[in-house]
Amino acid sequence: MLSVFRRLIRSKFGALFAILFLGVIAAAFILGDVSNGKFGNGSMLGGGTAAKAKGYSLTDAELQDRVQRVFENARKSNPGLQIGDFLTQGGAAQVYDQLVAALTLKAFADREDVHISKRLVDAQIAQIPAFQDAAGNFSQDAFRALLTRERLTEQTLRDDISREILQRHLLAPVGLGVKLTDNQVLPYASLLLEARQGTVAAIPAIAFLDERNPTDAQLADYYKKKSARFTIPEQRRIRYAVIDADRFAQAAAPTDADIATYYNQNKAAYAAKESRSVEQLVLPTEAAAKAVATQVKSGKTLAAAAQGAGLAVSVQADQTREALTASAGKAAADAAWAGRQGDLVGPIRGPLGWLLLRVTAVKDTPARPLAAVREEIVTTLRAQKEKQLLTDFTGKIEDAIADGGTFEEVVKDNGLKLETSPPVLATGKQVKDAAFTAGPDLAPLVAPVFQMGADDDAQLIPITPDKRYALAAPGDIVAAAPPPLAEVKQLVLAQYKLNAGNLKAKAMAEKIQAKVAKGTKLSDAIAQAGVKLPAPQVLGGRRADIMRGQQRPPAEIAIMFAMAANTVKTLPIGQDRGYFVVQLNKIERGDAKGQPELLNQVRTQLGDVVGQEYGQQFERAIEKELGVTRNANALAKLRQALSATNSGQ
């Protein structure tokens, strides 16, 4: 249980894997718009099997694609995250476990004749914001466009959502109703109040840099061994032609007849109308409504009288008669329209009880003639016509591509302007021009084009939906590779020296650690190092404070909470920059007794964790019962493939 709690407050990736499918699929590539060129280009792994569950299997390629997607999503919030760190923290293993769990539950559901209906999946898809229009309604165009941009089939999405729903329905009930006692919660709540203090000394690699340069042979050998560190990721030129709705501005101009027809079809919207604002109070009985009405007639406001009865009024502003009829009933609407501003109406029998209404405002809107709304109608009709013409034109473009037309032919035949970007990375940056920034037309194309294969057909990609699109395809592709040593010699030389300095810093840190472990003060050990080093610093804090929110505490402080009192450890600073020597000086135990708010907060968090653990144990029991097999070499092959795919990033 303690390990679960530690994962809860310390895991770098815990939040990423709480929900596998909607969390990874909907959030990672739909909500987070994960598109970086690693998905859809084919996997380095072959068609091997990573796991089997009855009639279902997880291929090595599927595992790599999913882990790659999660890694890229993690980099959205932590751009400096490297694949090695991700793998060391157990990211790939967690995704693998989740995928096997989904496979297992699917096989179990089939055995028990449990199925997810198409209607339920449809409802889930309709709730995803990325598939909705400005009014919050499901948009088939947005749905298709996003799937096209992400190079996903509708069936793939449906399968993932079906598995997520199945997982939720089978596992969630297992963890319901977890109730932890104060005695169970207290140790973990007290841990959050624990404070630690230690002394930290930095042993920087730059303190040990050798002024002498290595020989050419030494440098070449180092470069060969560390080539992955200097590898430049794949670069692509992007060919594209922009299609803007403005090209249809003249053709979209409405005629006088169009304007008149639209006005006549929408006369009700321009006719004179009266609206009213009302305060509404619903009471359970007529007697209660009459009692409140008496108080209002005696001088109280309806809001004050309602508050005295333990209720609250609802305010409905600018209601038409039809709208008020729909919400409160015909009798209430008729009574409100019969009253004057300030009048109290009721009690009236409504659909939910007895109603009291107070008319707070009466607004008369005069009729608007055609001349007054002409420009408004022109704007509306022009936008509608431009959208239709743009849709027809882009449909024609897509048909031409589908019929075998080449990128160049389609661009030329339709009078478009072909543009080609300089070589760019999947991030939209340039290797040789650090100041380069992809423009507003190019930036939305980078991710989708990096997902395309070299021989794929051109794709229509939205820049501004319903307004601006681009037909795009990859141009020249420069494969990921380390540049010639001559081009990066100074960088490699600097890294060579830093690496050598880091090795010396490690040796010095271990020497200082040994001295301190035998009783030497850390400051004295630093002074005796024979090299000018920064003075040690006293650092620390409460666990709850330094691990607040989603921010990770500095490693040199976090390690203190994994040390025994009066011990000393070394810790790499990272990126060959040297080492820390950390000595833990003091531990102040926390005590959460008498802090019910903290206890309840931790109780809720631990209850969720325990519930999830129950679900995991249930899934593992099913896995054992069904005889699910895991390929012992799957993760090793995956690590190798991911390290090669993401080298230099």
Side-chain angles (χ1 to χ4, degrees), residues 36-38 41 44 68 71-72 74-76 78-88 202-238 420-439 442-443 446-447 449-451 454 474-507 572-579 639-649:
N36 52 67
K38 296 300 180 186
N41 290 337
M44 291 184 63
Q68 178 72 51
F71 168 61
E72 292 297 336
R75 293 188 69 181
K76 284 284 186 177
N78 181 11
L81 179 65
Q82 300 296 314
I83 190 65
D85 297 331
F86 178 81
L87 296 173
T88 300
I203 316 298
I206 57 174
F208 301 91
L209 293 186
D210 194 337
E211 294 184 359
R212 295 172 300 173
N213 288 336
T215 66
D216 290 343
Q218 288 175 318
L219 195 63
D221 182 62
Y222 173 79
Y223 186 59
K224 182 178 179 180
K225 292 177 180 177
K226 302 289 185 179
S227 60
R229 175 176 293 183
F230 303 97
T231 292
I232 298 174
E234 181 182 285
Q235 302 171 74
R236 295 187 173 199
R237 291 185 185 272
I238 298 176
T420 304
S421 77
V424 295
L425 301 168
T427 59
K429 299 293 185 180
Q430 254 197 297
V431 173
K432 296 185 178 180
D433 183 3
F436 175 82
T437 301
L442 179 60
V446 175
V449 170
F450 265 82
Q451 292 185 23
D476 298 332
I477 298 178
V478 181
L485 175 57
E487 293 184 9
V488 289
K489 185 173 183 178
Q490 292 306 311
L491 175 62
V492 176
L493 177 61
Q495 190 62 47
Y496 177 95
K497 289 187 174 184
L498 190 63
N499 179 70
N502 188 61
L503 294 176
K504 293 178 182 178
K506 179 182 180 182
I573 297 175
Q575 299 179 342
D576 288 347
R577 292 179 297 161
Y579 278 76
R639 291 188 184 97
Q640 183 179 1
L642 288 174
S643 297
T645 302
N646 296 277
S647 61
Q649 294 188 40

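Side-chain atoms are counted along with the backbone in the values below, which use heavy atoms only and exclude waters and symmetry mates. Values in this document were obtained by computation on a predicted structure and should not be read as measured data.
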Atom pair [atom1]/[atom2] of [X] and [Y] - distance to nearest 0.5 Å:
X	Y	atom1	atom2	answer
Gln430	Thr437	CD	OG1	10.0 Å
Asp210	Leu498	CG	CG	13.0 Å
Asp576	Arg229	CG	CZ	4.5 Å
Leu485	Lys224	CG	NZ	13.0 Å
Phe450	Ile477	CZ	CD1	8.5 Å
Gln495	Leu219	CD	CG	11.0 Å

Please name the pair of heavy atoms, one in [X] and one in [Y], separated by the smallest distance, quoted to 0.1 Å.
X	Y	value
Thr231	Ala481	CG2-N, 3.5 Å
Arg237	Pro422	NH1-CA, 3.6 Å
Pro483	Val488	CG-CG1, 3.6 Å
Ala505	Gly578	CB-CA, 4.1 Å
Lys497	Leu209	O-CD2, 3.3 Å

[X] vs [Y] side-chain heavy atoms within contact, under 4.5 Å:
X	Y	result
Leu491	Phe230	yes
Leu493	Pro214	yes
Ile232	Glu487	no
Lys506	Ile203	no

### Verdict with reasoning, Asn502 to Tyr579, per side chain to side chain contact (heavy atoms under 4.5 Å, CB included)
CA-CA 8 Å; Asn502 188 61; Tyr579 278 76; 3.7 Å; yes
### Query
If only atom types and distance count, is the side chain of Arg639 paired as donor or acceptor with the main-chain N or O of Leu87 below 3.5 Å?
no
### Query
Any chance CD1 of Ile206 has more than 12 other-residue heavy atoms, nucleotides or ligands included, within less than 6.0 Å?
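No.
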### Message
Go through it in stages, so that I can follow the logic: the residues are Asn499 and Tyr222, the test is side chain to side chain contact (heavy atoms under 4.5 Å, CB included), and I'd like the CA-CA distance, side-chain angles, deciding distance and then a yes or no.
### Response
CA-CA 10 Å; Asn499 179 70; Tyr222 173 79; 3.8 Å; yes
